[in-house]
Amino acid sequence: MNDKIKLITRTALLLALTVAFQGIKLGQFVTGPLVNAVLYISAYAVGWPAGIFIGAVTPWIALLTGILKPALAPAVPFIMLGNALLVVGFSLLNTFNSYVAVLCASVVKFLILYVSTRFLLQLNPAIASALQLPQLVTALIGGALAMIVISALNSIDVAPKLGKVKNRIHKL
């Protein structure tokens, strides 16, 4: 199988996993970390373009399937942007330090969603609050889960084959 087909297959599997996590409907503090973990793992395993694709598609799927409340429809472009910046930020900073990368990427996603719901969108405050501080918490927990998964994959020599770079979890 050539590399392009492998990349597409892995991206499709990660997208399917993300959609499956969303479909379970276990609440924001279970689903959010799982989805964010897959975004981090995607950035690591298949690269930032594929991670951005997954982060852009999943909010639309969540909206169309009723997982995301219709009142949050105006926030979908900002969720997509937050996901994209999470993936790119992690990808760029991961070569320096993986934990700093998770922290910075999580904060950037949080800031995008916080600013958009606080100053740009006219959402019910109770609904808008779901896209504020909980997003920082779920992104950080998702990053921690991703670091565990990626470290496990590295220890059995799977992740280097996925990401084509050995030992990409960098610590201080």
Side-chain angles (χ1 to χ4, degrees), residues 7-94 98-99 101-117 121 123 127-153 159 162-163 169:
L7 177 70
I8 291 169
T9 303
R10 290 177 181 143
T11 302
L13 288 171
L14 289 164
L15 176 61
L17 185 62
T18 307
V19 172
F21 287 151
Q22 289 178 326
I24 296 172
K25 297 182 183 180
L26 293 175
Q28 182 176 13
F29 288 102
V30 174
T31 304
L34 292 173
V35 168
N36 283 308
V38 174
L39 291 176
Y40 285 115
I41 293 165
S42 298
Y44 175 80
V46 293
W48 64 265
I52 288 174
F53 173 75
I54 293 168
V57 171
T58 51
W60 287 109
I61 292 171
L63 182 65
L64 294 173
T65 58
I67 296 164
L68 195 65
K69 295 176 181 158
L72 288 172
V76 167
F78 296 100
I79 296 169
M80 293 169 59
L81 178 61
N83 288 345
L85 292 176
L86 179 129
V87 167
V88 171
F90 178 73
S91 294
L92 293 174
L93 295 173
N94 186 43
S98 298
Y99 302 105
V102 166
L103 177 64
C104 291
S106 298
V107 168
V108 168
K109 179 178 181 175
F110 159 72
L111 288 174
I112 291 295
L113 294 173
Y114 180 82
V115 168
S116 66
T117 55
L121 299 171
L123 299 174
I127 292 173
S129 68
L131 292 176
Q132 294 175 359
L133 188 59
Q135 292 297 316
L136 178 60
V137 173
T138 60
L140 289 169
I141 294 170
L145 290 172
M147 293 297 98
I148 293 166
V149 170
I150 292 167
S151 292
L153 293 174
L162 292 175
I169 297 297

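Worth saying up front: this structure is predicted, and the values here are computed from it rather than measured. Numbering starts at 1 and runs along the sequence shown.
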Point to revise | Side-chain heavy-atom pair Phe90, Tyr44 within 4.5 angstrom cut-off | key: yes
Exercise for review: Taking the side chain as every heavy atom from C-beta outward, state whether Leu17 and Ile41 have any pair of such atoms under 4.5 Å apart.
Suggested key: no
**Study point:** From CZ (Phe110) to OG1 (Thr138), nearest 0.5 Å
**Key:** 11.0 Å
Exercise for review: Measure across Leu113 and Leu131 and return the closest heavy-atom pair with its distance rounded to 0.1 Å.
Suggested key: CB-O, 3.2 Å
**Study point:** Close side-chain approach of Leu123 to Leu72, heavy-atom, < 4.5 Å
**Key:** yes
Point to revise | Distance (rounded to the nearest 0.5 Å) between Thr58 OG1 and Met80 CE | key: 9.0 Å
Practice item. List the atom of Pro134, the atom of Ser129, and the distance in Å for their closest heavy-atom pair. Key: CD-O, 3.2 Å
**Study point:** Exercise: identify the closest heavy-atom pair between Leu86 and Leu39
**Key:** CD2-CB, 3.8 Å
Review point. Would a 4.5 Å heavy-atom cut-off, applied to side chains only, mark Ser98 and Tyr40 as touching?
Key: no
Review point. If you take all heavy atoms of Asn36 and Gly142, which pair is closest and at what distance?
Key: CB-CA, 4.1 Å
Exercise for review: To the nearest 0.5 Å, tell me how far Thr31 OG1 sits from Lys25 NZ.
Suggested key: 10.0 Å
Check your understanding: Does some side-chain heavy atom of Lys109 sit less than 4.5 Å from a side-chain heavy atom of Asn83?
Key -> yes
Check your understanding: Can you name the nearest heavy-atom pair linking Ala130 to Gln28, along with the distance?
Key -> O-NE2, 2.7 Å
**Study point:** Minimum side-chain heavy-atom gap Val38-Leu34 below 4.5 Å
**Key:** no
Point to revise | Separation between OG1 of Thr18 and CG of Leu13, rounded to the nearest 0.5 Å | key: 10.5 Å
**Study point:** Candidate list Thr11, Val35, Val87, test side chain to side chain contact (heavy atoms under 4.5 Å, CB included), partner Ile54, passing option
**Key:** Thr11
Review point. At their closest point, which heavy atom of Thr117 faces which heavy atom of Gln132, and how far apart are they?
Key: OG1-NE2, 3.1 Å
Check your understanding: Roughly how far apart are Cys104 SG and Leu93 CG, rounded to 0.5 Å?
Key -> 5.5 Å
Exercise for review: Would you give the length of the straight line joining atom CD of Gln135 to atom CG of Leu111, rounded to the nearest 0.5 angstrom?
Suggested key: 12.0 Å
